[in-house]
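Below is one structure, written out as structure tokens; the observations come after it.
Proteins get letters first, then strands, A, B, ... in listed order; numbering begins at 1 in each. Please read all numbers here as calculations on a predicted model, not as lab measurements.
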Amino acid sequence: MKNNKQKVPYEIIIKANRNWFYIDWRGLLHYRDLLFLLVKRDFISRYKQTILGPLWFFIQPIVTTLVFTVVFNRVAKLSTDKLPPFLFYLCGITIWDYFSRCVAATSISLISHAQLFEKVYFPRLIVPLSNILSNLFSFAIQIATFVVFYIYFKYFTGAGILIDPSPHTLAILPILLLQTAAFALGVGLWVSALTAKYRDLSLLMTFIIQLWMYVTPVIYPVSTIPSHWRFIMAINPMASVVDLFRYAFFGTVALSLKYLGISILITVLTLVSGLLVFNKIERTFVDTV
Amino acid sequence: MPKPIIEVENISKLYRLGSIGSTTFRESIERWWLRFRGEEALIRKIGTKNSMIPSDDPQVGPEPNTIWALKNVSFTVQPGEIVGIIGRNGAGKSTLLKILSHITEPTEGQAIIRGRTSSLLEVGIGFHPELTGKENIYLNGAIHGMRKAEISRKLDEIIAFSEVEKFIDTPVKRYSSGMYVRLAFAVAAHLEPEILIVDEVLAVGDLCFQKKCLGKIEEISSEGRTVLFVSHSMPMVLRLCERAILLQSGCIKTDGPAEEVTKYYISYGHSCNPTQKIWLSPQEAPGDDVAKLHAVHVLNKDKEPIENIDIREPVRIEVEYWNLQSKLHPTVVLHFINEEGICLFTSNDFNNTVWRDTPRAPGLVKATCTVPGNFFAEGRIFISVAISSYNPNDLHALAREIVSFQVIDRSEGDGVRGEYTGAAWPGVLRPMLQWEITVQSA
């Protein structure tokens with residue numbers, strides 16, 4: 001008998017009710033090229049037959065920010081911690097948008113690819129991961145926009161003296177971005193798993209994300225929240241992310257570190273449990289399409 | 001002997017029928033509650049009143065509205081084997097492929113697969129219309145598990161195989177359907193997995209391209225790779241496979257040399273395709289509130305039920321249905337399908353124009369269609385029966401391949417093939433036509 005050259009014999013066992021913790025890491029690694037090709041697909045297909053293309057990522061937050069400035073600052077007179085309102089809102093919207101886009105995309109990742117999943121196997125997790133990555137692009141445009149306005153307000157207006165971050169705090173930005181991505185992925189995985197059979201929740205998601213923004217300090221600073229209500233901020237990881245994001249740029253007072261710890265803990269728990277639940281559901285998902 | 005490349009051990013798959021909605025949600029809650037209280041015995045009763053499956057169905061599952069799509073299926077495949085999987089629609093072929101392709105899990109049992117698998121259950125799955133041909137090659141290849149470097153290496157070969165070089169940088173939404181399929185199959189043909197699972201994707205493209213695809217599959221098999229091939233086409237199974245597995249109602253009926261299994265399938269395997277089918281009550285019959293089928297019979301010219309019909313004799317197809325209204329004009333449509341799954345022709349009772357314009361009244365209607373002798377080719381003919389109405393087009397009842405009969409050519413000299421006794425007489429039909437012959441010069 002001739003000897004097989006293969007180093008490790010490739011062997012898959014397909015059976016029912018595998019345990020919850022079985023995640024096909026090897027498969028994920030094998031399909032990493034697919035991950036990037038899906039990102040590319042998203043990118044190409046999104047701007048086909050639009051006139052302004054990626055410019056929309058620039059226009060949308062600017063308009064939202066202008067509306068917020070008028071409604072919440074001029075009319076409702078909400079505090080912005082003495083920061084220029086336009087910059088204050090734009091900062092919050094930039095990171096919040098990334099989160100909401102990621103959640104919206106990942107939470108329909110099973111349903112929107114149902115046809116594909118019925119016909120071919122690849123690790124289903126690739127799809128939500130590609131959503132997280134492709135939304136980085138819109139985030140990049142938005143943060144660049146923000147930085148332009150930031151530089152303008154800091155160096156060319158009187159409000160510049162109020163913007164006073166310590167240089168090393170900028171280093172937490174990548175960590176915040178990572179936390180946002182991880183938390184959005186966790187939430188998205190949960191939602192897509194929960195909507196695999198009954199779609200009700202998916203109809204509510206836009207609404208939920210919208211409400212969620214209001215319990216996150218995007219349009220108001222944490223300092224305006226009475227201290228005995230601040231624990232709510234702690235159980236919403238996005239609250240501390242948005243607050244720290246602003247802190248990194250403006251040097252304004254942040255939530256205490258205790259809240260940060262809880263927020264990271266909740267993020268990790270959401271992500272891990274989301275992974276497990278998604279992994280459990282996706283195995284027989286096509287039976288309930 | 002090496003380890004089998006595929007080992008299937010007692011695989012069963014249970015499917016829940018019906019749509020998913022508030023009823024199924026309430027039923028799952030009830031099930032959880034009963035299980036929680038330990039009253040397992042009562043679980044079976046949930047939803048019985050909505051059950052759509054008669055309890056004597058051999059595939060009926062342990063709970064109401066569930067069905068065993070596969071039940072205790074076991075077999076092994078050695079490396080390099082080409083196995084054809086055949087069976088009627090609904091026999092469980094696709095479910096088996098889905099499980100082996102890792103798309104869904106079995107309810108019971110397990111399968112061990114020792115090799116990289118690619119499954120082609122549908123050609124061109126995952127193509128994105130906005131991407132160009134080349135971009136889609138990469139995406140589709142990656143979806144089927146190819147690495148980017150691997151695709152780049154084979155890119156020229158794939159493009160050449162697809163015959164769409166000129167349009168390779170055009171978005172595929174501008175492609176004709178033929179070009180689309182060609183490109184998709186070109187990617188599929190270059191996957192080079194150790195195990196290839198194919199589901200009748202060959203029935204696409206023009207004849208020339210089909211031939212090319214078959215050639216490619218033969219090439220793959222000659223390279224010693226393992227192929228599982230689902231098909232309705234017995235000639236194709238015979239050509240490609242040395243072994244075949246016949247599935248019937250979710251179980252393996254026979255497993256052995258392709259020649260024997262296909263022969264068995266063609267001659268005896270249709271016991272479940274009788275020459276008549278009767279639904280005793282409208283409740284169990286297929287149909288909606290316009291029309292419901294009552295019976296379908298295959299008869300000879302003396303109105304006797306018959307399974308084997310001489311190629312020279314006419315065949316009568318009788319369809320009885322309950323017309324339940326007087327507003328619409330439903331019509332009976334017959335589809336005649338051969339062993340290869342090719343629909344030979346269809347016919348509806350509006351060929352009778354008097355009946356077409358006759359006002360309808362609720363009641364039992366019998367429609368008889370006579371197909372003349374010297375028309376079909378020899379072989380098994382399956383009939384699908386539909387009741388439709390047109391303008392607006394609506395399908396009221398459908399029974400797929402519900403009856404069948406065997407056309408036999410005894411080659412007695414007065415048939416279409418005359419004195420010819422060679423092996424095959426080509427063509428999907430064998431009509432006796434009018435020929436006029438004049439001798440132009442002596």
Side-chain angles (χ1 to χ4, degrees), chain A residues 1-4 6 8-18 22 24 27 29-49 113-124 126-127 130 196-200 280-289, chain B residues 1-3 7-9 11-16 20-22 24-25 28 98-122 125-126 128-132 135-136 138-151 171 173 194 199:
Chain A
M1 201 168 40
K2 72 170 187 247
N3 230 326
N4 214 327
Q6 266 185 311
V8 196
Y10 195 92
E11 186 176 302
I12 315 173
I13 297 176
I14 297 166
K15 63 177 178 190
N17 304 320
R18 228 168 349 203
Y22 177 86
D24 186 11
L29 199 66
H30 178 84
Y31 281 90
R32 62 184 180 275
D33 287 343
L34 177 61
L35 178 65
F36 294 106
L37 286 165
L38 284 176
V39 172
K40 193 177 162 195
R41 177 197 69 175
D42 283 353
F43 182 75
I44 292 174
S45 59
R46 196 171 291 167
Y47 308 115
K48 281 283 165 81
Q49 300 210 345
H113 287 73
Q115 264 197 317
L116 186 57
F117 291 161
E118 270 181 13
K119 297 292 178 187
V120 61
Y121 172 79
F122 56 86
R124 288 11 179 163
I126 294 276
V127 172
S130 78
K197 194 162 180 190
Y198 301 105
R199 305 278 155 84
D200 305 59
K280 176 82 180 165
I281 295 289
E282 58 99 344
R283 279 185 253 145
T284 54
F285 163 66
V286 295
D287 298 344
T288 58
V289 173
Chain B
M1 197 146 146
K3 269 189 178 173
E7 259 179 88
V8 176
E9 295 163 12
I11 276 191
S12 300
K13 177 78 185 177
L14 192 67
Y15 273 116
R16 190 166 294 279
I20 296 167
S22 54
T24 51
F25 185 64
S28 345
K98 272 189 184 173
I99 290 170
L100 294 181
S101 322
H102 214 165
I103 290 168
T104 185
E105 281 187 341
T107 312
E108 286 165 13
Q110 66 167 18
I112 303 170
I113 300 196
R114 300 192 175 89
R116 245 184 79 191
T117 311
S118 285
S119 42
L120 302 176
L121 303 192
E122 191 175 308
I125 192 73
H128 195 287
E130 299 285 359
L131 301 186
T132 67
E135 286 163 343
N136 267 312
Y138 276 99
L139 182 61
N140 197 250
I143 282 174
H144 282 108
M146 273 209 264
R147 303 298 313 275
K148 206 172 166 186
E150 204 180 334
I151 305 169
K173 65 176 176 183
E194 282 139 351
D199 188 0

Determine whether B:Lys13 and B:Thr104 make a side-chain contact, defined as any pair of heavy atoms from C-beta on separated by less than 4.5 Å. yes
Over all heavy atoms of both residues, which pair between B:Ile103 and A:Lys119 is shortest? Give the atoms and the distance, please. CD1-C, 3.3 Å
Under a 4.5 Å heavy-atom cut-off, does chain A meet the side chain of B:Lys148, its backbone, both or neither? both
Greatest number of non-hydrogen atom pairs under 4.5 angstrom with chain A, of B:Gln110, B:Glu9, B:Glu108, falls to B:Gln110
Any non-hydrogen side-chain atom of A:Asp33 less than 4.5 Å from a side-chain atom of B:Tyr138? no
The interface call for A:Tyr31 against chain B, heavy-atom contacts under 4.5 Å, is side chain
Is it the side chain or the backbone of B:Ile99 that comes within 4.5 Å of chain A heavy atoms, both, or neither? both
Of the backbone (N, CA, C, O) and the side chain (C-beta and beyond), which part of A:Arg124 lies under 4.5 Å from a heavy atom of chain B, both, or neither? side chain
Across all chains, not counting sequence neighbours, the side chain to side chain donor-acceptor pair (under 3.5 Å) partners of B:Glu135 are B:Thr132
For the interface with chain A, which of B:Ser101, B:Ala149, B:Pro129, B:Gly115 has the highest count of heavy-atom pairs at distances below 4.5 Å? B:Gly115
For A:Phe36, all residues meeting ring-ring contact (aromatic ring centres under 6.0 Å, His included), sequence neighbours excluded: none
Check whether A:Val120 gets within reach of chain B through its side chain, its backbone, both or neither, counting any heavy atom under 4.5 Å. both
State, to 0.1 Å, how close B:Ala111 and B:Leu100 come at their nearest heavy-atom pair, and which atoms those are. CB-CD2, 3.9 Å
